[in-house]
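To keep things clear, I will list the structure first and then write my remarks on it.
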Amino acid sequence: MTRTLDKTITVAVAGNPNSGKTTIFNSLTGARQHVGNYPGVTVEWKKGTCKRGDVKLDLVDLPGTYSLTAFSEEELVARDYLLNAAPDVVVNVVDASNLERNLFLTTELLEIGRPLVIVLNMTDVAHDRGLRIDTARLAEKLGVPVVPAIGNRGVGMDDLVEAVMQVAISNASLPGPARVCGESGPGPSTLAIVESRGGPTRVNYGHQVEKVISEIEDLLPEGEHRRWRAIKLVSQDDKVVEGLAVPGTREAITGLAASFAAESNDEPDILMARLRYEFIADICQGVCRVPAIAQTTVSDRIDRVVMHPVWGVPIFLGLMYFAFTLTFSLGNPLMNLIDSGFGYLAGFMSGLWSPGSTSPLKSLIVDGIIGGVGGVVIFLPNIVLLFMAIAILEGTGYMARAAFVMDRFMSKVGLHGKSFIPLLIGFGCTVPAIMATRTLESRRDRLITMMVLPLMSCGARLPIYALMIPAFFPARMQGPALWAIYVTGIILALGGAYVLRSTLFRGENTPFLMELPPYRMPTAASLLVQMWTRAWLYVKKAGTVILGASILLWFLTFYPKPPADYILPAGFDNTTSDSAMVFSEITDPNLARSAELSYSVTGRVGRMLEPLIKPLGFDWRIGTALVGAIPAKELFVAQMGIVFAVGEADETSDQLRAQLRDRYTPLIGFCIMLFALIATPCIATFAITRQEAGSIKWAFAQSFGLTALAWIVTFLVYRGGLLAGLGGG
Ligand code: GDP
Ligand code: MG
């Protein structure tokens with residue numbers, strides 16, 4: 001019998017976090033993969049393909065979970081996919097060095113009833129620890145094929161593909177529900193893997209519980225996964241209860257489940273979990289042999305140092321410092337290279353027009369397009385290096401320790417220990433920081449971190465401070481003013497996280513359960529794949545959303561153009577008297593550009609906002625510059641230069657500073673910085689939040705929420721300052 005299958009086999013890779021799923025997925029698919037979010041949620045997942053002969057495998061790397069309860073978004077995604085997408089084969093990656101705990105998920109997968117292949121991964125680690133696992137007995141007891149493997153060395157991958165194909169073929173040829181590799185399996189097996197005989201085993205929950213399960217099962221409408229649903233109903237799984245459509249049955253079933261819950265001593269879900277573990281203990285009997293004496297492993301010894309109650313934090317901070325300085329010292333020369341590349345391009349393009357030309361097309365190409373994309377691509381070296389550093393920290397297993405060490409502090413504000421790293425990166429640039437939230441497993445932690453991240457004062461805000469602080473503060477006050485801005489951002493971020501955790505993201509706290517994987521040497525291939533996918537994601541963003549937004553916002557600062565007979569508003573030009581001025585009579589090009597900006601959509605919005613920002617001490621000029629700085633925070637300085645008709649200002653512009661000093665008090669100057677720190681993050685942040693949060697809703701929530709927060713905080717500071725008599729100047 002020839003083994004041909006005219007269709008693609010869909011394969012879902014499931015397993016506990018850190019069991020080696022992604023490693024196996026990568027080694028099967030290579031670069032043929034695609035990273036994204038599961039539709040509608042913030043859970044990352046990957047798809048990829050693998051070709052063997054004339055058969056194609058379509059693989060999905062499901063999020064790592066310890067079970068399939070309705071506890072977390074990851075679990076819901078995994079089970080939703082398994083139930084509804086019904087993959088042809090489920091590959092369950094099991095960490096052999098931690099067999100009992102990993103089998104918990106396996107028993108749930110058995111209940112879902114999709115054809116299953118178990119990969120007994122990390123057999124090298126298990127072996128080193130003196131664990132012996134009888135693969136044949138395990139396969140026999142579970143009733144599914146078991147493939148021993150060492151994922152990071154590619155050992156067992158061919159056997160795995162072979163097993164997947166066999167399981168798929170034998171299931172395709174059998175009508176009805178899943179039955180795995182019976183004696184009638186196709187062809188003689190030449191595999192090293194161990195095959196099962198007689199179909200998947202089912203968990204036996206004992207006489208009493210089995211009775212309730214079958215009673216509920218009888219009440220359930222026909223359809224797939226009846227036993228699974230019955231078991232979930234006994235455990236009072238909210239999502240499955242919600243799914244009960246028929247009203248009469250619903251009451252009957254919830255009644256049965258409730259009376260069972262009342263009779264048992266434990267909560268039903270805890271009881272079910274205990275019975276599951278009893279079943280697993282039974283399976284492991286005679287399958288695993290554990291060494292008599294527990295050895296102290298190298299991992300244990302390293303942990304004694306890096307997780308030391310006193311030294312843990314300084315070691316972590318030191319490593320982060322090292323990673324960041326390396327990122328920037330290696331990245332900056334490359335950044336300069338890219339910068340001069342774009343500078344050259346801009347110079348070349350401007351050269352196509354006569355010098356001093358004010359052609360809108362020139363400005364669109366040079367400032368709008370080249371400036372917009374250049375401003376984003378320039379971060380690429382840093383992003384690639386940063387992600388390499390993170391990939392190394394994760395790959396070696398240190399990240400889990402760092403999270404553990406930092407969790408003591410972070411949990412006080414309701415953040416996960418791992419959130420610390422994105423927050424730290426946020427001081428550099430919010431965009432890679434938001435991408436770095438991917439190291440957080442829980443969607444809730446990820447969203448909270450993303451929402452507050454823009455409050456970590458990024459590098460693009462520095463030019464604003466560099467302009468404003470010397471304008472308003474004497475030398476001895478400059479350091480403290482800068483410090484106050486940064487600290488305000490940090491306090492607001494942590495406070496914001498706390499508030500979000502106790503309001504919008506309330507609900508059951510997932511128990512803090514973090515696994516400390518043994519230290520490992522990450523493979524170069526997996527580091528490269530991670531770097532490449534992140535960098536590509538970033539470039540794609542720069543090429544599409546950010547370019548589009550920069551062009552649009554560029555238009556809004558140039559159009560509509562004022563007509564020649566446009567009469568400037570009284571007091572527009574702060575140097576002359578209040579006699580009205582006509583646009584065509586302006587000779588100073590800076591003043592003309594300023595008038596243009598004031599007439600453009602941006603200027604109008606700035607003016608329209610005046611009543612709203614007046615309580616903060618701001619006038620329309622600041623409003624206009626703030627609106628003009630939405631594409632990128634550092635644009636604020638240039639916009640201020642235009643508004644104040646001093647030409648293209650930079651952060652060292654003394655002329656602009658003099659104007660600012662003339663017009664505003666130091667209190668207002670501080671408030672401007674405060675507002676620029678907190679309000680609307682830049683377009684790139686908006687775009688990346690939308691992508692990473694999986695919905696534009698979160699990006700809007702972030703922008704509006706932060707702008708509202710900026711208003712409130714600035715208002716309080718301004719009014720408080722006035723009351724304290726700081727309004728003078
Ligand atoms: P996932 O969370 O299940 O996707 O796990 P990963 O694929 O990210 O693997 C976690 C770590 O285990 C990585 O550092 C891998 O290189 C490593 N790893 C994967 N398989 C094996 C294995 O069989 N033996 C050893 N020693 N390490 C492995
Ligand atoms: Mg993974």
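Note that the structure is a prediction, hence the values are computed from the model and not measured. When a ligand or atom number is given, it counts from 1 through the structure's own listing order.
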Across all chains, not counting sequence neighbours, the side chain to side chain donor-acceptor pair (under 3.5 Å) partners of S27 are none

At under 4.0 Å between heavy atoms, which part of R520 makes contact with ligand 1: side chain, backbone, both or neither?
side chain

Among V155, T23, V119, I24, closest by any non-hydrogen atom to atom 13 (C) of ligand 1:
T23

Give yes or no for whether the N/O distance cutoff of 3.5 Å, strictly under, is met between I150 and ligand 1.
no

Indicate, as side chain, backbone, both or neither, the part of N152 found under 4.0 angstrom from ligand 1 when only non-hydrogen atoms are considered.
both

Would D58 and T8 satisfy side chain to side chain donor-acceptor pair (under 3.5 Å), going step by step from the backbone distance to the final call?
CA-CA 7 Å; D58 258 353; T8 315; 5.2 Å; no

Can you tell which part of P17 has a heavy atom less than 4.0 Å from ligand 1: side chain, backbone, both or neither?
backbone

Are V94 and L99 side-chain neighbours, meaning at least one heavy-atom pair lies under 4.5 Å?
yes

Give the atom numbers and elements of ligand 1 that come within less than 4.0 Å of a heavy atom of N16.
3 (O)

Using side-chain heavy atoms (C-beta onward) and a distance below 4.5 Å, is Y277 in contact with I280?
yes

Using distance alone, decide if ligand 1 has a nitrogen or oxygen within less than 3.5 Å of any nitrogen or oxygen in D61.
no

Heavy-atom pairs closer than 4.0 Å: do any link ligand 1 to the side chain of T523, the backbone, both, or neither?
neither

Is the shortest side-chain heavy-atom distance between N92 and V119 below 4.5 Å?
no

In ligand 1, which numbered atoms sit nearer than 4.0 Å to a non-hydrogen atom of G395?
14 (O)

Please state whether G64 comes within less than 4.0 angstrom of ligand 1, counting heavy atoms only.
no

Report yes if the side chains of I231 and M272 come closer than 4.5 Å at any heavy-atom pair, otherwise no.
yes

For the residue pair N84 and D80, what are the closest heavy atoms and their distance?
ND2-OD1, 2.6 Å

Please compare D128, L527, T22 and report which has the shortest non-hydrogen distance to atom 4 (O) of ligand 1.
T22

Ring centroid separation for F316 and F420, is it under 6.0 angstrom?
yes

Side chain or backbone of D124 under 4.0 Å from ligand 1, or both, or neither, by non-hydrogen atoms?
side chain

Before you tell me yes or no, could you show the steps for L105 and L109 under side-chain contact (heavy atoms from CB on, under 4.5 Å), namely the whole-Å CA-CA distance, both residues' side-chain angles and the distance that decides it to 0.1 Å?
CA-CA 6 Å; L105 178 67; L109 293 172; 4.1 Å; yes

Quick one: which ligand 1 atoms are inside 4.0 Å of a heavy atom on N18?
1 (P), 2 (O), 3 (O), 5 (O), 10 (C)

Counting only nitrogen or oxygen atoms and a 3.5 angstrom limit, does M521 reach ligand 1?
no

Tell me whether the NZ or CZ atom of R301 lies within the 45° cone about the ring axis of Y519 and under 6.0 Å from its centre.
no

Counting only nitrogen or oxygen atoms and a 3.5 angstrom limit, does M122 reach ligand 1?
yes

